[in-house]
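Notes for the one structure printed next.
The structure presented is a predicted model; accordingly, all values stated were derived computationally and were not measured. We use all heavy atoms of the structure for the numbers below, so side chains are in, but hydrogens, waters and symmetry mates are not.
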Amino acid sequence: MTDLRIRAAAPGDLDAVLAFWRTAAEGTSISDDRDGVERLVGRDPEALLLAERDGELVGTVVAGFDGWRCHLYRLAVAPARRRQGIGAALLAAAEERFVRLGGRRGDAMVLRRNETAHHAWRAAGYAPEEHWRRWTKPLAE
């Protein structure tokens, strides 16, 4: 996997990331728009990690750290590039970031219906915590 490059997203990458998520990510989020991703990168320039191969965007992960907890979102790999270690490389880079920042445990948002993702997360050493339930409230229309 020596030809895989992982780097933090720059402001010029955001339109490509949003287009990539439309084809590679499962589900959508209220934050999946230009303003939401600009806020993420503006607040934490190292949180959105991109995987590139030969200049092509092939994967993403958001590795957010709030000073207390390590949160993983938007792990996505191009459908034609799956099962090549890209997701594992992105998670390793995210975990290295968390350790560097003092994080002690990563958690991930994974759709219940996304069985393919469940296998990938388990292979990376993550496990569901069935005693927790996510509660949400939209703060904007």
Side-chain angles (χ1 to χ4, degrees), residues 1-130 132-141:
M1 187 81 50
T2 58
D3 60 338
L4 187 70
R5 177 179 178 227
I6 297 179
R7 65 174 178 85
D13 296 314
L14 304 188
D15 290 331
V17 168
L18 289 165
F20 178 79
W21 286 345
R22 285 192 291 276
T23 62
E26 183 74 24
T28 59
S29 166
I30 194 170
S31 303
D32 287 355
D33 59 22
R34 178 81 187 194
D35 289 341
V37 181
E38 279 180 345
R39 273 191 300 279
L40 169 68
V41 172
R43 183 181 178 282
D44 186 351
E46 296 180 358
L48 176 53
L49 300 176
L50 308 182
E52 296 174 322
R53 180 172 281 150
D54 299 322
E56 174 192 357
L57 178 60
V58 295
T60 67
V61 69
V62 176
F65 182 63
D66 61 15
W68 184 38
R69 299 229 173 141
C70 307
H71 304 287
L72 295 159
Y73 310 93
R74 280 293 178 237
L75 176 64
V77 175
R81 303 288 191 141
R82 292 181 182 160
R83 303 191 57 80
Q84 297 177 16
I86 296 167
L90 281 163
L91 288 177
E95 292 166 1
E96 288 171 16
R97 169 178 156 74
F98 292 151
V99 169
R100 189 174 67 248
L101 293 171
R104 295 187 269 169
R105 178 182 67 184
D107 66 56
M109 299 292 298
V110 184
L111 289 171
R112 213 178 261 195
R113 70 176 187 263
N114 191 346
E115 291 294 325
T116 301
H118 297 184
H119 296 295
W121 285 101
R122 278 192 179 88
Y126 290 79
E129 287 190 341
E130 299 299 335
W132 291 101
R133 167 119 4 218
R134 181 177 179 214
W135 292 43
T136 67
K137 176 184 175 183
L139 301 176
E141 298 281 329

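- Contact check on Glu46 versus Arg100 returns a salt bridge, with a Lys/Arg side-chain nitrogen under 4.0 Å from an Asp/Glu carboxylate oxygen.
- The existence of a salt bridge linking Asp15 and Arg34 is confirmed by a sub-4.0 Å separation between a basic side-chain nitrogen and an acidic carboxylate oxygen.
- Look at Arg97 and Asp44 and you find a salt bridge, because one of the NZ, NE, NH1 or NH2 atoms lies within 4.0 Å of a carboxylate O, short of that distance.
- Checking each of Leu57, Leu4, Val58 against Arg81 for a side chain to side chain contact (heavy atoms under 4.5 Å, CB included) leaves exactly one that passes, namely Val58.
- A 4.5 Å side-chain heavy-atom check between Gln84 and Ile86 finds at least one atom pair inside the cut-off.
- The pair Asp66-Arg43 fails the salt-bridge criterion, with no side-chain N (NZ, NE, NH1 or NH2) lying under 4.0 Å from an Asp/Glu carboxylate O.
- With contacts defined as side-chain heavy-atom distances shorter than 4.5 Å, the pair Asn114/Trp121 does not qualify.
- Distance CZ/Arg69 to CG/Asp107: 7.0 Å, rounded to 0.5 Å.
- Contact check for Arg113 versus Glu26: side-chain heavy atoms found under the 4.5 Å cut-off.
- In this structure, the side chains of Val110 and His118 come closer than 4.5 Å at one or more pairs of heavy atoms.
- Looking at Arg82, its side chain does come within 3.5 Å of a backbone N or O of Val77 through a donor-acceptor pair.
- Atom CG of residue Leu14 and atom CG of residue Asp35 lie 10.5 Å apart, to the nearest 0.5 angstrom.
- Proximity of Val61 to Arg74: side-chain heavy atoms (C-beta onward) are nowhere separated by under 4.5 Å.
- Here the OH-CG distance, from Tyr73 to Leu40, works out to 10.0 Å after rounding to the nearest 0.5 Å.
- Here the side chains of Arg104 and Cys70 are not in contact, with every heavy-atom distance at 4.5 Å or above.
- Counting heavy atoms from C-beta on, the side chains of Ile6 and Leu90 come closer than 4.5 Å.
- Note: Leu72 CG to Phe98 CZ = 4.0 Å, rounded to the nearest 0.5 Å.
- Taking 4.5 Å as the limit, every side-chain heavy atom of Arg5 sits out of range of all side-chain heavy atoms of Arg53.
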